[in-house]
Amino acid sequence: MISEGASLLFEKIQEKLSSLVKISEFDLKEGMLVCGLDAAYKENIGISSAIVLKLNEESPIAESIFREKITYDYIPGLLYIREAPLLLGALNKLSVKPDLLLIDGHGLAHPRRAGLASIIGLLTDIPSIGIAKRLLTGNVIWDNEKIGRIEVAGEYVGIAYRTHKGKTMYASIGHMVTIQTINKIILLYNYDEPLPIMLAHRAVRKAIKIRS
DNA sequence: GCGACAG
DNA sequence: ATCTTGTCGC
């Protein structure tokens with residue numbers, strides 16, 4: 001449970017962090033390490049995973065699993081207080097330092113302009129992109145059948161795209177990347193859920209299942 | 001007041 | 001996210 005006062009505190013912190021987010025050019029280069037992050041839950045236990053792949057390769061070169069007792073409930077807009085500790089734990093166990101983080105959740109496509117992806121990027125000082133399956137705030141202006149622009153409070157913060165199976169995904173700027181970076185990532189993973197995130201998702205699902 | 005609401 | 005069987009659709 002999170003008290004009303006604590007929620008206000010976390011919202012204030014989030015607003016401050018938002019002002020620290022940098023939108024900057026990020027060039028994808030051969031050999032770069034792309035890391036997918038995801039988490040799953042089993043009762044009061046949270047499990048997270050970080051899966052690292054070299055750009056254009058499909059076998060992980062490093063991966064980690066992290067488990068920790070959950071202390072907070074999920075509150076829309078405050079996902080980070082529940083999930084950031086888990087993701088940081090998984091990142092901390094990696095044997096390598098990723099060049100780019102792909103995180104399940106939003107970046108700037110957030111009411112306070114600082115979703116989980118932005119916060120993880122800021123705290124680790126690693127460029128990041130948020131990729132969510134549902135929109136939390138803002139609107140999508142579809143340019144064509146498969147690509148659209150995500151706008152929040154008049155700002156172009158990300159790209160919405162439709163998977164080959166018809167599922168809409170919402171990718172937004174986390175930290176130290178631009179819309180162009182997101183465009184390249186979407187193309188790189190062929191308009192599907194990015195492989196690193198897919199593998200991280202499978203890893204946590206598997207880990208959750210084993211401990212039951 | 002009503003509805004919406006990342007994972 | 002998670003609880004869950006059969007079932008609608010490609």
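Source: prediction; values computed, not measured. Here is the naming used below: chain letters follow the sequence lines, and residue numbers restart at 1 for every chain.
Residues passing the salt bridge (Lys or Arg N to Asp or Glu O under 4.0 Å) test with A:K133, sequence neighbours excluded: A:D104.
Chain A approaches DNA chain B within less than 4.0 angstrom (heavy atoms of the protein), and the contacting nucleotides run 5' to 3' from B:dC5 to B:dG7.
Residue A:R82 contributes atom CZ, which lies 7 Å from atom C1' of C:dA1 at whole-angstrom precision. Atom CG of A:L86 and atom C1' of C:dA1 are 12 Å apart (whole Å).
Salt bridge annotation for A:E155-A:R113: present, with a cationic side-chain nitrogen under 4.0 angstrom from a carboxylate oxygen.
What you find for A:G148 and A:V140 is that their closest heavy atoms are CA-CG1, 4.2 Å. Here the shortest heavy-atom pairing between A:I81 and A:Y72 reads O-CD1, 3.6 Å.
A donor-acceptor pair is defined here as one N or O able to donate and one able to accept, closer than 3.5 Å; no such pair exists between the side chain of A:R134 and the backbone of A:T168.
Helical stems in DNA chain B, defined as runs of 3 or more consecutive Watson-Crick or G-U wobble pairs with both donor-acceptor distances under 3.5 Å, are not found.
Residue A:G130 is classed as having no contact, given no heavy-atom separation below 4.0 Å to the nucleic acid. Contacts of A:L78 with the nucleic acid, taken as non-hydrogen atoms under 4.0 Å apart, include base atoms. A:K133 comes within 4.0 angstrom of the backbone, heavy atoms only, and of no base.
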Evaluate the criterion side-chain contact (heavy atoms from CB on, under 4.5 Å) for residue pair A:S118 and A:V21; output intermediate values, then yes/no.
-> CA-CA 7 Å; A:S118 295; A:V21 171; 4.0 Å; yes

Strictly under 3.5 Å: I want the nitrogen or oxygen pairs between protein and nucleotides 2-8 of chain C, one per line.
{"unit_1": "C:dT2", "atom_1": "OP1", "unit_2": "A:Y41", "atom_2": "N", "d": "3.4"}
{"unit_1": "C:dT2", "atom_1": "OP1", "unit_2": "A:R205", "atom_2": "NH1", "d": "2.5"}
{"unit_1": "C:dT2", "atom_1": "OP2", "unit_2": "A:R205", "atom_2": "NH1", "d": "2.9"}

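For the residue pair A:E193 / A:H201, no side-chain donor-acceptor distance below 3.5 Å is found, with atom types taken as modelled.
Note on ring orientation: taking the six-membered ring where Trp is involved, the planes of A:Y161 and A:Y191 are perpendicular (angle over 60°, cut-offs 30° and 60°).
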Please list every donor-acceptor pair under 3.5 Å in which a side-chain atom of residues 172-180 of chain A meets a protein atom from a residue at least two apart or in another chain.
{"unit_1": "A:S172", "atom_1": "OG", "unit_2": "A:G107", "atom_2": "N", "d": "2.7"}
{"unit_1": "A:H175", "atom_1": "ND1", "unit_2": "A:K22", "atom_2": "N", "d": "3.0"}
{"unit_1": "A:T178", "atom_1": "OG1", "unit_2": "A:Q180", "atom_2": "N", "d": "3.1"}
{"unit_1": "A:T178", "atom_1": "OG1", "unit_2": "A:T181", "atom_2": "N", "d": "3.4"}
{"unit_1": "A:T178", "atom_1": "OG1", "unit_2": "A:T181", "atom_2": "OG1", "d": "3.4"}

Output side-chain donor-acceptor pairs under 3.5 Å for residues 83-100 of chain A, partner residues at least two apart or in another chain, one line each.
{"unit_1": "A:E83", "atom_1": "OE1", "unit_2": "A:Y41", "atom_2": "OH", "d": "2.5"}
{"unit_1": "A:K93", "atom_1": "NZ", "unit_2": "A:I65", "atom_2": "O", "d": "2.8"}
{"unit_1": "A:D99", "atom_1": "OD2", "unit_2": "A:L33", "atom_2": "N", "d": "2.7"}

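At least one test fails for A:R149 against the ring of A:W142: distance under 6.0 Å to the centre or angle within 45° of the axis.
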